[in-house]
Amino acid sequence: MTALIPDWTGDTEALRAEQEALARQVVLRDSFVRPLRTVAGFDVGFEDDGVTTRAAAVLLDADSLAVLDRQVARLPTRMPYVPGLLSFRELPALLAALALLPTAPDLALIDGQGIAHPRRLGVAAHFGVISGLPSIGVAKSVLVGESRMALHDMRGAFTPLRDGREQIGWLLRSKRGCLPLVVSPGHRVAMASAPELVMRFTTAYRLPEPTRLADRLASRRAPDADSDD
């Protein structure tokens, strides 16, 4: 799958054109196994002052949220950080981590944007199209768009995130007193289903369990360093 990711040549216009082409392949309807049996969280960190990309994948039972497997993939960082092109930087390591899991998940939650992206291809959408897996982006901040409606400070409350007239995701209050998450479908998940699915896997923390555990593994945080999640 990594062969489908262009090499870094410095041609940012070519990568933007690639994003636009891939965005047309995104499927925004529910097309996943029911009932869900497994879910996985994915996140990326960096080592050696950014020289090495470290991607974490955590596979969980969809009902009990018991951890079934954890994997970390380390690859040489293939390109510098370029705003709007983050998925080309992170995706090779994410796909390598996916390949290390004993089985592909029924649903992938990615720490990052789905279609809530200027060209509708954040890392979760890019991951979904390349891997073929149903995916949802769960980001900690807004990249593009705005909400025109107030968001109640109630667990599970959500309000549309729009870019102009187009809805590109949701602001989701996953925990009272915390900033909302930006939830947007990545691939093979309908817009209406995304916040409900994320809340299904959210327990006492701000982040849903799959990406919370992947974030902790990718960032190499201590097991007790969860108070800010």
Side-chain angles (χ1 to χ4, degrees), residues 36-77 81 86-87 89-114 122-124 126-128 131 133-143 155-156 172-184 186 194-195 197-229:
L36 290 170
R37 299 160 300 191
T38 59
V39 59
F42 294 84
D43 196 11
V44 170
F46 294 90
E47 301 176 356
D48 310 320
D49 295 323
V51 173
T52 303
T53 304
R54 173 189 174 97
V58 181
L59 184 70
L60 295 86
D61 180 275
D63 292 323
S64 67
L65 299 184
V67 173
L68 303 176
D69 195 59
R70 294 182 177 89
Q71 295 291 342
V72 173
R74 296 175 177 86
L75 295 180
T77 301
Y81 170 70
L86 182 66
S87 64
R89 177 175 161 94
E90 296 188 347
L91 198 57
L94 287 170
L95 294 174
L98 169 64
L100 292 173
L101 293 176
T103 184
D106 292 336
L107 177 68
L109 302 187
I110 315 294
D111 189 305
Q113 310 291 346
V123 65
H126 201 163
F127 177 95
S131 70
L133 294 176
S135 60
I136 299 174
V138 183
K140 301 179 184 76
S141 60
V142 173
L143 177 62
R155 185 179 185 276
L172 172 65
R173 185 83 70 191
S174 56
K175 182 179 179 180
R176 289 190 63 186
C178 290
L179 292 173
L181 299 174
V182 181
V183 172
S184 58
L197 285 167
V198 170
M199 284 305 302
R200 171 178 170 178
F201 304 116
T202 302
T203 58
Y205 301 99
R206 180 189 178 213
L207 297 179
E209 282 298 283
T211 57
R212 185 183 75 85
L213 296 174
D215 173 270
R216 192 170 67 181
L217 188 58
S219 62
R220 296 184 292 182
R221 286 192 297 157
D224 59 351
D226 294 326
S227 59
D228 294 331
D229 286 352

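Everything numeric here is computed off the predicted structure, so don't read it as measured data.
Thr53 meets the side chain to side chain donor-acceptor pair (under 3.5 Å) test with Thr77; sequence neighbours excluded. The side chain to side chain donor-acceptor pair (under 3.5 Å) search around Ser64 returns Asp61, not counting sequence neighbours.
At distances below 3.5 Å, not a single donor-acceptor pair connects side-chain atoms of Ser87 with backbone N or O atoms of Gly122. Although no hydrogens or angles enter the test, the distance criterion places no donor-acceptor pair under 3.5 Å between the side chain of Thr211 and the main chain of Gly41.
For residues 66-75, every residue pair satisfying the salt bridge (charged side-chain N to carboxylate O under 4.0 Å, His left out) rule, not counting sequence neighbours, is listed here: Glu47-Arg74. Sorted by first and then second residue, the ring-ring contact (aromatic ring centres under 6.0 Å, His included) pairs with a member in residues 42-73 read Phe42-Phe127; sequence neighbours excluded. Screening residues 55-75 for ring-ring contact (aromatic ring centres under 6.0 Å, His included) gives no qualifying pairs among residues at least two apart or on separate chains.
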Sequence neighbours excluded and cut-off under 3.5 Å, please list the side-chain donor-acceptor pairs for residues 90-104, or say none.
none

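Using a 4.0 Å cut-off between a side-chain N of Lys or Arg and a carboxylate O of Asp or Glu, Arg200 and Asp63 qualify as a salt bridge. Using a 4.0 Å cut-off between a side-chain N of Lys or Arg and a carboxylate O of Asp or Glu, Lys140 and Asp111 qualify as a salt bridge.
Note: Arg212 CZ to Leu109 CG = 13.5 Å, rounded to the nearest 0.5 Å. Atom CG of Leu217 and atom CG of Asp43 lie 9.0 Å apart (nearest 0.5 Å). The line from CG of Leu172 to CZ of Arg155 is 9.0 Å long, rounded to the nearest 0.5 Å. Note that CG of Leu207 and OG1 of Thr202 are 8.0 Å apart. Values are rounded to the nearest 0.5 Å.
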